[in-house]
Amino acid sequence: MRLRAHNGLMILAAALSAAAVSGWMTAAAEPAAVHPFTEALVTNQTGDSLSVVSLADMKSVAEIAIGGNPAGIAMSPDGKYAFITSPESKELVVFDADTRHVAKRIKVGEGPLGVAAHPTNGRVYVADWYVHKISVVDPLAGQVVAQIAVGDSPSGLAVTPDGKLLLSADRDSNAVSIIDTATNTRLKSVPVGKRPFGITIDKGGRRAYAANVASDDVSVIDIAAGTVVGTVPVGHRPYAVALARGRAFVTNQYGSSLSVFDLSGLQPVKTIDIGDHPEGIMADRTGANIYVSCWFDNVLMRVDTEKLAVTGEATVGDGPRAFGLFLR
Amino acid sequence: MVRAVALALGALVLFPTFASAHGPTRQKVTETVEINAPADKVWGVIGNFQDMSWHPAIAKTEGTGGNDANATRTLTLTSGGTIAEKLISNDPAKKIYKYEITKVDPKVLPVNNYSSNISVKGEGDKSTVEWKGAFYRGFMNNDPPPELNDEASKKAVQGVYRAGLDALKKKLEAGG
């Protein structure tokens with residue numbers, strides 16, 4: 001307890017001084033600026049780097065060494081910083097996306113993987129594959145300020161748009177934890193399909209979609225009720241989910257495809273062939289396009305959500321995962 | 001060649017098995033071979049999921065389900081170990097099939113969550129066979145011993161692919 005209070009003061013002081021310099025706290029306290037995304041930041045795990053892709057022309061414009069085989073990624077609410085997990089070096093890497101350089105490296109647990117940024121409080125949540133906890137990180141202070149016990153091998157993380165709840169796909173518990181971000185405590189564990197990995201929350205904060213790697217389906221969770229309201233069969237080894245135009249788009253790693261289903265009726269719409277081992281997936285702000293990193297083929301693909309077809313691709317580094325929110 | 005693969009696989013017999021989460025970084029291996037034979041002929045040798053006799057490390061293939069998705073096979077290695085596999089998809093028109101390992105002891109092949117595809121592309125009398133694998137290392141936790149780390153798993157898979165593709169080339173170009 002004494003340690004925590006001490007740390008709290010240190011962190012507050014550090015945060016205030018850093019905020020004065022960077023203006024970050026001000027930015028973080030305001031709603032995210034609503035400008036169209038212009039770049040994708042793609043973590044290349046085997047390439048040990050980050051590719052910056054210009055979305056306007058689907059061209060890689062930079063590849064920056066990261067270290068520690070980066071996998072997970074989240075963005076600060078203003079899009080200026082990327083928070084990248086490097087599981088092999090057990091770090092959270094803070095990347096300044098405007099200047100394209102690594103701003104800070106923070107040691108986090110034993111196997112950092114999934115990561116999410118809070119919309120307003122400046123905290124970054126890092127799921128630990130081996131320690132079965134979520135670390136709450138203050139990226140300004142460069143410190144872990146709290147840990148939240150969850151299920152086994154937490155993977156994907158997502159925060160509700162109002163910032164009140166954090167959801168964790170606890171892969172080896174076949175469950176999703178719902179966590180109160182004000183108290184950093186788990187409110188509930190919701191049983192889902194087998195081996196949930198990626199998790200995505202809708203814009204209204206009402207439902208969450210967990211991709212279940214081992215049962216080849218997606219669990220649809222009513223967040224307020226804390227229950228599964230639907231299970232949708234998808235392709236082989238689903239990884240993550242993006243939402244656009246009232247539909248879910250699911251990357252199927254072994255299927256080399258995207259499963260598309262309708263959010264209201266939870267009925268299948270189409271399966272789209274895509275590159276080998278599609279993984280990280282995210283929609284742009286309007287939902288007109290989604291972007292998919294294809295791990296084996298080393299490309300980021302753009303899919304038109306109306307035509308339901310691939311309309312562009314950019315070559316990136318080796319083994320792109322982009323596990324999380326990677327557009328800015 | 002047979003002996004080399006058998007030795008490589010046999011050398012892994014000493015390591016214990018684990019039952020928790022896999023390692024954090026998936027590995028990939030791609031090996032290719034150019035063969036002086038038309039693609040149809042090459043596919044005729046490798047396209048049957050139930051017959052892997054073209055690979056020198058495989059002593060026996062036993063399976064069910066033929067060449068349809070979800071067909072299974074158990075490969076018995078010349079070294080004695082077994083690998084259980086499942087066909088994910090098969091497209092004879094495009095000459096590609098995808099499969100995964102459903103059960104293997106890391107001491108037989110030091111990999112986890114292994115998936116793969118093998119394909120043939122032809123141009124006249126020549127073909128290129130490509131064999132791709134995606135997998136995690138044999139040791140599923142942090143700080144693996146060197147024998148079960150990322151490099152060791154990649155090396156083992158590369159060895160299997162290389163031995164198979166080189167033997168395939170030899171067999172086809174010899175007129176077999």
Side-chain angles (χ1 to χ4, degrees), chain A residues 43-48 68-72 85-91 109-114 127-132 151-155 170-173 195 197 213-214 216 235-237 239 252-257 271 273 276-279 294-298 318-321 323, chain B residues 18-32 68-72 85-91 93-94 96-103 111-119 130-137 139-144 146 149-151 153-155 157-158 161:
Chain A
T43 51
N44 304 307
Q45 192 170 30
T46 33
D48 206 8
N69 298 96
T85 54
S86 285
E88 296 291 354
S89 59
K90 306 172 188 176
E91 291 172 310
E110 290 299 313
L113 184 62
D128 198 299
W129 185 257
Y130 293 117
V131 179
H132 317 307
D152 290 345
S153 292
S155 305
D170 301 335
R171 186 184 184 275
D172 291 352
S173 292
R195 305 289 187 259
F197 196 75
V213 173
D216 293 346
H236 200 19
R237 292 250 165 184
Y239 186 86
N252 302 310
Q253 296 171 89
Y254 287 10
S256 303
S257 63
T271 301
D273 286 337
D276 199 356
H277 277 75
E279 300 206 329
C294 299
W295 175 84
F296 213 121
D297 290 346
N298 299 341
D318 192 30
R321 303 208 85 153
F323 180 48
Chain B
F18 301 89
S20 58
H22 60 66
T25 304
R26 192 201 283 126
Q27 305 299 315
K28 62 169 85 164
V29 162
T30 302
E31 294 288 332
T32 60
D68 296 330
N70 298 317
T72 59
E85 299 182 331
K86 188 168 84 172
L87 189 59
I88 296 172
S89 64
N90 181 25
D91 191 339
K94 289 185 182 168
I96 180 169
Y97 75 76
K98 298 184 182 186
Y99 68 99
E100 64 187 275
I101 290 179
T102 51
K103 193 179 179 189
V111 297
N112 284 290
N113 290 11
Y114 168 103
S115 65
S116 170
N117 66 59
I118 189 162
S119 62
E130 185 181 68
W131 200 351
K132 294 163 69 176
F135 49 87
Y136 290 87
R137 66 189 178 218
F139 186 80
M140 293 190 256
N141 280 310
N142 253 350
D143 308 316
N149 67 12
D150 291 339
E151 282 310 307
S153 67
K154 276 176 75 170
K155 203 173 167 186
V157 173
Q158 275 163 346
Y161 289 6

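Heavy-atom basis, side chains included; hydrogens, waters and symmetry copies ignored. Not measured: the values here are computed from a predicted model. The chains referred to below are lettered A, B, ... by the order of the sequence lines, with proteins before strands, and numbering in each begins at 1.
- No side-chain heavy atom of A/E110 sits less than 4.5 Å from a side-chain heavy atom of B/N141.
- Contact annotation for A/R237: only side-chain heavy atoms (C-beta onward) come within less than 4.5 Å of a heavy atom of chain B.
- With sequence neighbours excluded, no residue satisfies side chain to side chain donor-acceptor pair (under 3.5 Å) with A/Y254.
- Scanning all heavy atoms of the two residues, the minimum distance from A/F296 to B/G133 falls at CE1-O, 3.3 Å.
- For A/D216, there are no salt bridge (Lys or Arg N to Asp or Glu O under 4.0 Å) partners, not counting sequence neighbours.
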- Task: Begin from the C-alpha positions of A/D276 and B/N117 and carry the test side chain to side chain contact (heavy atoms under 4.5 Å, CB included) through to its verdict.
- Result: CA-CA 10 Å; A/D276 199 356; B/N117 66 59; 3.4 Å; yes
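- Here the CD atom belonging to A/Q253 is positioned 4.5 Å from the CZ atom belonging to B/R26, to the nearest 0.5 angstrom.
- Contact of A/D152 with chain B is not made at all, since no heavy-atom distance falls under 4.5 Å.
- When all heavy atoms are compared, the tightest approach of B/K98 to A/G255 is NZ-O, 4.2 Å.
- Using a 4.5 Å cut-off between heavy atoms, B/K28 touches chain A through backbone and side chain atoms alike.
- Looking only at atom types and distance, the side chain of B/S89 has no donor-acceptor partner in the side chain of A/H236 under 3.5 Å away.
- Distance check, rounded to the nearest 0.5 Å: CD1 of B/I88 to CG of A/N252 gives 11.0 Å.
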